[in-house]
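Beneath this line is the structure, given in structure tokens, with notes to follow.
Proteins get letters first, then strands, A, B, ... in listed order; numbering begins at 1 in each.
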Amino acid sequence: MFISKSDYLLYKQCPKAIWYKFKTPKVFDKNANQMRLDKGNQVTEHARNLFPNGSLVPYSSNRDKMASTTKDLIMKGERTIYEAAFGIDGLFVICDILHLDKDGWKIYEVKSSTSIKERNLDDLAFQYHVVQHFLPIHSTLIIHINNKYVRNGELEVTKLFSITDLTDELKERIFRIQADVSNIHSIGYNFSTEPKQDIGIHCNKYGKEDFPCAAKEHCWSHIPEHSVFDITRIGKKAFDLYYDGITSISDVPNDFKLSEAQKVQVFAYKENRSLIDLNNIKEYLDCFRYPLYFLDFETYQQTIPLFNGISPYQQIPFQYSLHIQESSNGDLEHKEFLAKEGTDPRRVLAERLTKDIPKGSCSVAFNMAFEKMVLKGLAHNFPDLEDHLMDIHDNMVDLMVPFQKKWYYKNEMKGSYSIKYVLPALLPNDESLNYQTLTIQNGSMAMEIYEQLHTYPKEKIETIREHLLAYCKLDTYAMVKVFDHLNSSVQKKSS
DNA sequence: GAAAAGCCGACCGCGAACCT
DNA sequence: AGGTTCGCGGTCGGCTTTTC
């Protein structure tokens with residue numbers, strides 16, 4: 001039995017999680033996110049340029065082979081080794097970059113993230129623990145993305161990455177590894193006995209980072225559909241209820257302290273009815289001035305910036321959809337834009353947008369903070385269009401507010417005010433609003449696929465572009481329908 | 001009358017929610 | 001992964017009340 005770095009990290013998250021992995025390895029394979037892995041590899045390859053002309057240990061499922069290749073390279077006097085592999089006492093690690101300089105051997109771990117996380121420290125401690133059996137290690141360091149870098153001409157790897165020496169922070173952790181490892185072994189050697197471990201905040205978190213556990217479906221199977229964990233912004237307090245034996249929202253005691261939004265949600269569920277505050281909704285909708293421009297941007301991010309003036313992970317708008325409604329029962333007009341794949345879309349998009357939305361128009365977005373951010377970014381990039389873009393920015397209203405403020409709440413929303421929950425709750429039987437039939441069903445799918453689009457064959461590109469257009473168009477169409485629904489609710493009341 | 005105890009609102013930092 | 005917004009929860013200053 002071999003314990004890898006990821007096994008160790010999983011154990012640190014929760015001993016029951018590693019037990020579940022040993023028991024059902026397939027579930028964990030299935031959950032591996034290939035997209036994320038590819039991105040990580042791409043970043044690692046760029047980071048190798050910080051220490052050029054090293055030797056690569058080719059990946060092999062045979063761990064001993066990788067370890068012996070590594071050993072040969074060290075014996076031959078190689079000073080820079082990529083994917084250096086070591087195994088001892090049932091532990092196995094691969095170091096992204098192992099480098100010998102005037103101080104001694106250094107272990108570099110490459111991360112595509114922009115900051116150092118708690119789990120990275122455990123990761124490096126584990127590597128140090130194993131590798132020190134073979135080489136005297138001078139220091140252990142993290143290489144991660146510096147998102148303050150702005151590309152200007154050729155890519156400058158020394159500016160793209162930040163290097164942090166973590167040697168001192170690891171000492172405490174290295175002490176604990178031996179004990180952790182023997183625990184992992186005993187779990188692995190008799191996985192017929194399930195570790196006693198109740199659910200807790202560790203299920204969602206590892207240190208400060210979001211890290212949903214793959215064992216959740218197993219450990220959380222006794223939690224009902226509308227549970228105390230679904231109460232909006234409840235945080236740790238849900239576990240106070242849970243440890244008192246309360247799991248369903250219907251059992252929340254009446255004297256339990258809740259915020260206003262939480263009260264609405266709990267009351268609606270207990271009474272099994274919707275809560276609609278038409279006065280506030282009407283007052284809010286009065287700010288919407290026809291013609292209405294329903295706007296939705298799609299953006300994507302490049303970990304390694306490909307265009308000038310772009311930072312790592314910067315939101316780059318590449319597409320928008322626009323539904324224009326002339327009056328309350330007027331016709332709908334649709335406009336759209338989708339940039340050519342593989343090019344910097346910003347200028348063309350900004351120009352088209354300023355043609356499609358005249359100055360002084362009232363535009364509508366769902367969670368307008370996002371659309372406003374994109375507009376601000378474009379205005380900053382193109383001073384000649386700044387006036388017009390900021391005019392759109394300043395005349396925008398937000399369709400999300402009535403749901404965020406819980407003026408309109410249905411149990412189907414499960415405490416959420418995202419469009420994903422709001423739309424089916426308001427218009428459950430409208431087939432024209434069914435995202436399930438689309439190939440691209442949400443923003444993350446759109447950003448992932450557009451980033452790769454220029455690498456696809458020509459025929460495939462056309463098809464995917466059609467899917468992208470269909471998805472974005474449905475987003476703004478859904479907004480129109482939600483607005484109409486709110487509007488007619490208000491009309492019905494006043495008539 | 002002075003020190004200790006109690007109380008409340010302002011402030012701030014952090015996390016959660018939303019969009020992509 | 002990013003930015004923005006909002007609200008929870010903890011801290012702290014300043015005020016009032018209690019106690020000897």
- Under 4.0 Å between any heavy atoms, over every strand shown, what does A:Asp398 touch: base, sugar-phosphate, or nothing? Just pick one. nothing
- Carboxylate-amine/guanidinium proximity below 4.0 Å for A:Lys458 and A:Glu462: no
- Using only side-chain N and O atoms of A:Lys117, determine if any of them is under 4.0 Å from OP1 or OP2 of C:dA1. yes
- Task: Report yes if a side-chain nitrogen or oxygen of A:Ser259 is closer than 4.0 Å to either non-bridging phosphate oxygen (OP1 or OP2) of C:dC8; otherwise report no.
- Result: yes
- Which nucleotide in the list B:dT20, B:dA17, B:dC18 gets nearest to the side chain of A:Arg233? B:dA17
- Task: Whole angstrom is fine here: how far is it from CG in A:Asn367 over to C1' in B:dC19?
- Result: 5 Å
- Message: Does A:Ile145 reach a base, just sugar-phosphate, or nothing at all? Heavy atoms under 4.0 Å.
- Response: nothing
- A:Gln301 CD to C:dA1 C1', in whole Å, measures 5 Å
- Query: Rounding to a whole Å, what distance do you find between A:Glu260:CD and C:dC8:P?
  - Reply: 9 Å
- Remember a base hit wins even if backbone is also touched, and classify A:Thr303 as base, sugar-phosphate or nothing at under 4.0 Å, heavy atoms. nothing
- Message: Just to be sure I understand the rule, does A:Asn147 reach a base, reach only the sugar-phosphate, or reach nothing, if contact means heavy atoms closer than 4.0 Å?
- Response: sugar-phosphate
- Task: Measure centre to centre between the rings of A:Phe229 and A:Phe239, then say whether the value is under 6.0 Å.
- Result: yes
- Message: What's A:Glu298 touching, base or sugar-phosphate or nothing? Going by heavy atoms closer than 4.0 Å.
- Response: sugar-phosphate
- Note on the structure: Of all heavy-atom pairs linking A:Pro402 and A:Ile281, the shortest is CB-CG1, 4.5 Å
- Could you tell me the separation between the OH atom of A:Tyr450 and the P atom of C:dA1, rounded to a whole number of Å? 23 Å
- Take atom CD1 of A:Ile419 and atom P of B:dC18, then tell me their distance rounded to the nearest Å. 12 Å
- Determine: side-chain N/O of A:Thr114 to OP1/OP2 of C:dG2, distance under 4.0 Å, yes or no. yes
- Any Lys/Arg nitrogen of A:Lys236 or A:Asp240 sitting under 4.0 Å from an Asp/Glu carboxylate oxygen of the other? no
- Message: Under 4.0 Å, heavy atoms only, any strand: does A:Tyr471 hit a base, just the sugar-phosphate, or nothing?
- Response: sugar-phosphate
- Item | Protein-nucleotide distance (A:Ile234, atom CD1; C:dG9, atom C1'), rounded to Å | 14 Å
- Task: Quick one: sort the A:Phe318 and A:Tyr300 rings into parallel, tilted or perpendicular, breaks at 30° and 60°.
- Result: perpendicular
- Here the distance between atom P of B:dT20 and atom CE of A:Met400, to the nearest Å, is 11 Å
- Task: Using atom CD of A:Gln315 as one end and atom P of B:dT20 as the other, report the distance to the nearest whole Å.
- Result: 10 Å
- Message: I want to verify a distance call: between C:dA1, B:dT20, B:dC18, whose nearest atom is closest to the A:Ser416 side chain?
- Response: B:dC18
- Query: Heavy atoms under 4.0 Å, any strand shown: does A:Tyr417 hit a base, just sugar-phosphate, or nothing?
  - Reply: sugar-phosphate
- Contact class for A:Phe370 vs. all strands (heavy atom < 4.0 Å): base, sugar-phosphate, or nothing? base
- Item | Residues A:Asp398, A:Lys372: salt bridge by 4.0 Å N-O rule | no
- Nearest-nucleotide wise, let me know which of A:Pro312 and A:Gln262 is further upstream toward the 5' end of DNA chain C. A:Pro312
- Query: When we call it a touch if two heavy atoms are under 4.0 Å apart, what does A:Lys372 touch: a base, just sugar-phosphate, or nothing?
  - Reply: nothing
- Item | Closest to the A:Phe366 side chain, choosing from B:dC18, C:dT4, C:dA1 | B:dC18
- Residue whose closest nucleotide on DNA chain C lies nearer the 5' end, A:Gln404 versus A:Ser115: A:Ser115
